[in-house]
2 protein chains.
Amino acid sequence: MKDIARHAGVSQSAVSFALNGRPGVSEETRDRVRQVAEELGWRPSTAARALSGEGAATVGFVLARPADTLGVDSFFLQLVSGIQEVLAERHLGLLFQVVEDVADECAVYRRWWAEHRVDGVLVVDPRTDDPRPDLLDELGLPAVVIGGAPDDRHPGLSTVWADDAGAMASVVDGLYALGHRRIVHIAGLPGLAHTERRIRTLRAEAGRRGLSEVKSVTTDYSDAEGAAVTRRVLEGVAPPTALIYDNDVMAVAGAAAATELGFAVPADVSVVSWEDSALCRMVKPWLSALSRDSVEFGRTAARELTALLDGGSARAVRVPVPRLVERGSTGVARGA
Amino acid sequence: MKDIARHAGVSQSAVSFALNGRPGVSEETRDRVRQVAEELGWRPSTAARALSGEGAATVGFVLARPADTLGVDSFFLQLVSGIQEVLAERHLGLLFQVVEDVADECAVYRRWWAEHRVDGVLVVDPRTDDPRPDLLDELGLPAVVIGGAPDDRHPGLSTVWADDAGAMASVVDGLYALGHRRIVHIAGLPGLAHTERRIRTLRAEAGRRGLSEVKSVTTDYSDAEGAAVTRRVLEGVAPPTALIYDNDVMAVAGAAAATELGFAVPADVSVVSWEDSALCRMVKPWLSALSRDSVEFGRTAARELTALLDGGSARAVRVPVPRLVERGSTGVARGA
DNA sequence: TTTAGTGACTAATGCGCATTAGGTTCACGG
DNA sequence: CCGTGAACCTAATGCGCATTAGTCACTAAA
């Protein structure tokens, strides 16, 4: 800025006013300063800006997953991509960190907060009994929870969520209409808010229809567990006629396992994946899947966070209910 | 720091000396200051540190991919995970950005540099005729190129690379030994350095053995193109007996396409994937794949970058040659 | 007894920006 | 002709830290 001031023949303050749209300089001078700044390729030092109270111009994103669990998962990359798109417009940086568990994640938030490193954070994989909302409230760190249900106890946090309950209800509706009465839901990690929501909804739906042979089994989202659970339930007595998998990886692995056991898909057993991706079109038959726009999900979350940073108040935003894309893996229940 | 100074009954300078291990304070005072800092949960403001010449304590990572291409790809997430692991030890942040193309990527580097936002960057997907090394040289931004071959013209850049040439040679060796003479390599994006290296090596190996029916076809890495190219080459006259795919997504899609066309794997056509992941074990038969440790790849790259930041000189590090994991998709060539 | 030296600390400065408090000039009204 | 305000600009300050240049007391050497 000193250089710009010298080149333009004005004081540093004038440069600051000119470049930040503050009053106090003539339009003429403003233009001249702008031009010089342009020529010099000047960009404000984020450090200096941050130091003089402008915030860090950075948003944090922590992914709490053991390194070996980071497998084939298109969701996060797409989510991040959407987040970026919105943040980039505002020249906000995304500070990304992978940690082992939620405790480490909390430590990262504390550190970022103490270091004034981020202006806000995006929280994923909310859990039942989650320590993070309390912490973020305590720290006063603006935050958007992605995938959590609206939560009255944390009025400071925004929430961007998909209606899992509604989606589950519609999936069960569809399967029921096809004659399915024995349904197993191969769920994701226990303790995750959306896992629990889906499980609760499935139970409620089953109860409503008087279906006793409907249950959920939790897993770690891996192909291995997806296949293992599939084998276990299909080898039992009165095996299910429909399987709902909480992600695409397990759905594909599960469908393969079923086929190996001699169960034809969808003649003997229908398969639904709760995540749509190229994976679902890599097996025969193609898997019916709940499709949602993860990139848009990310955009929405980022928009909520920037709104919060702009001083807006927190709110809960519901993204469209995932849509069931019927492909070849769902059909009429055997014997129905 | 002012608070700490007050609580400990010393000057701010003393606090700074004490906490940074500088001489000028007694051990007794140092301990007291440390303790007070601990109690107050103090962490230095990164902005202030950066402003007083300590660097931004941040490393940049740009992924130049159109949003819709960010599909099922375990490589990057694993790579980032490994990078993180090393950076976290040093309390270095990772600034992550997704952009459309290399031109945008260069713009991001320029901006980061001007804003003093990062101390160094990690560059992925190096290309033939890549503008990035020149730019980074010009900016004087420490950088590690991931996946590029050593490059004499940029003595300032470190390189972490895998020996694609060696791996390709060994794959061709193996296939040749199994009697394969007609081999098609379904390569990735043209222009990527490693794509070109593999193509060149394949051609050389074919030439050495006098094989005329060996070729490479470039794609965009998508399952769709993988399948399309597979169909095209298998439907031609004298179809290949072995297919080498540059990633797991195409390998799986290609294997499925081959099966659909009535080509049994591996009886009629052998399939090798250049990327190993859970995907390769989701189809029957399981795919033989070149396996490498992406997490460790990331760790190595991050270590090289931190070495550079510590003032070390640039070097080229070769990671172990990917190992071919023989599974069910490779076999003796029909008629051999 | 003086002097130099050393250990332990404080005061002062600068990093690059935003901002607040002052200045100077000019036009206009009384 | 003075006072007054507006328009435009400059000087000075602070953000939180690292660092350099002192300051002071006390000890060992001369």
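Chain naming here is simple, since letters A, B, ... match the order of the sequence lines and numbering starts at 1 in each. These numbers come from the heavy atoms of this one structure, side chains and all, not from hydrogens, waters or symmetry mates.
Axis angle across the helix from C/dT1-D/dA30 to C/dG30-D/dC1, with five pairs used at each end and values rounded to 10°: 70°.
A distance-only check finds no donor-acceptor pair linking the side chain of B/S294 to the backbone of B/F297 [under 3.5 Å].
Judged as a side chain to side chain donor-acceptor pair (under 3.5 Å), and not counting sequence neighbours, B/R110 has no contacts. Every side chain to side chain contact (heavy atoms under 4.5 Å, CB included) that B/A162 has, sequence neighbours left out, goes to B/V319. Here A/D104 pairs with A/V99, A/E100, A/D101 under the side chain to side chain contact (heavy atoms under 4.5 Å, CB included) rule; sequence neighbours left out. Residues forming a side chain to side chain donor-acceptor pair (under 3.5 Å) with B/T58 (at least two apart in sequence, or on another chain): A/R117. Taking the side chain to side chain donor-acceptor pair (under 3.5 Å) definition, one finds that B/D119 meets it with nothing, sequence neighbours left out. Residues meeting the side chain to side chain contact (heavy atoms under 4.5 Å, CB included) test with B/A5, sequence neighbours left out: B/Q12, B/V15. Applying the side chain to side chain contact (heavy atoms under 4.5 Å, CB included) criterion to A/L192, with sequence neighbours excluded, gives A/D125, A/R127, A/L189, A/H194, A/T195, A/Y221.
Mapping B/W42 and A/R32 onto DNA chain D via the closest heavy atom, the residue that lands nearer the 5' end is A/R32. Nearest-nucleotide mapping onto DNA chain C: of B/L51 and B/T29, the residue sitting toward the 5' end is B/T29.
No engagement by B/G53 is indicated, since no non-hydrogen atom pair under 4.0 Å with the nucleic acid exists.
Of the residues in residues 1-16 of chain A, those placing a heavy atom less than 4.0 Å from an atom of DNA chain D are A/V10, A/S11, A/S13, A/A14, in numerical order.
Sorted by first and then second residue, the pairs that involve residues 80-115 of chain A and meet ring pair (Phe, Tyr, Trp, His ring centres under 6.0 Å), not counting sequence neighbours, are A/F61-A/F96, A/F96-B/F96. Residue pairs meeting the salt bridge (Lys or Arg N to Asp or Glu O under 4.0 Å) criterion with at least one partner in residues 146-162 of chain A, sequence neighbours excluded, are A/D151-A/R153.
First and last contacts of DNA chain C with chain B, using any nucleotide atom under 4.0 Å from a protein heavy atom and ordered 5' to 3', fall at C/dA8 to C/dG16.
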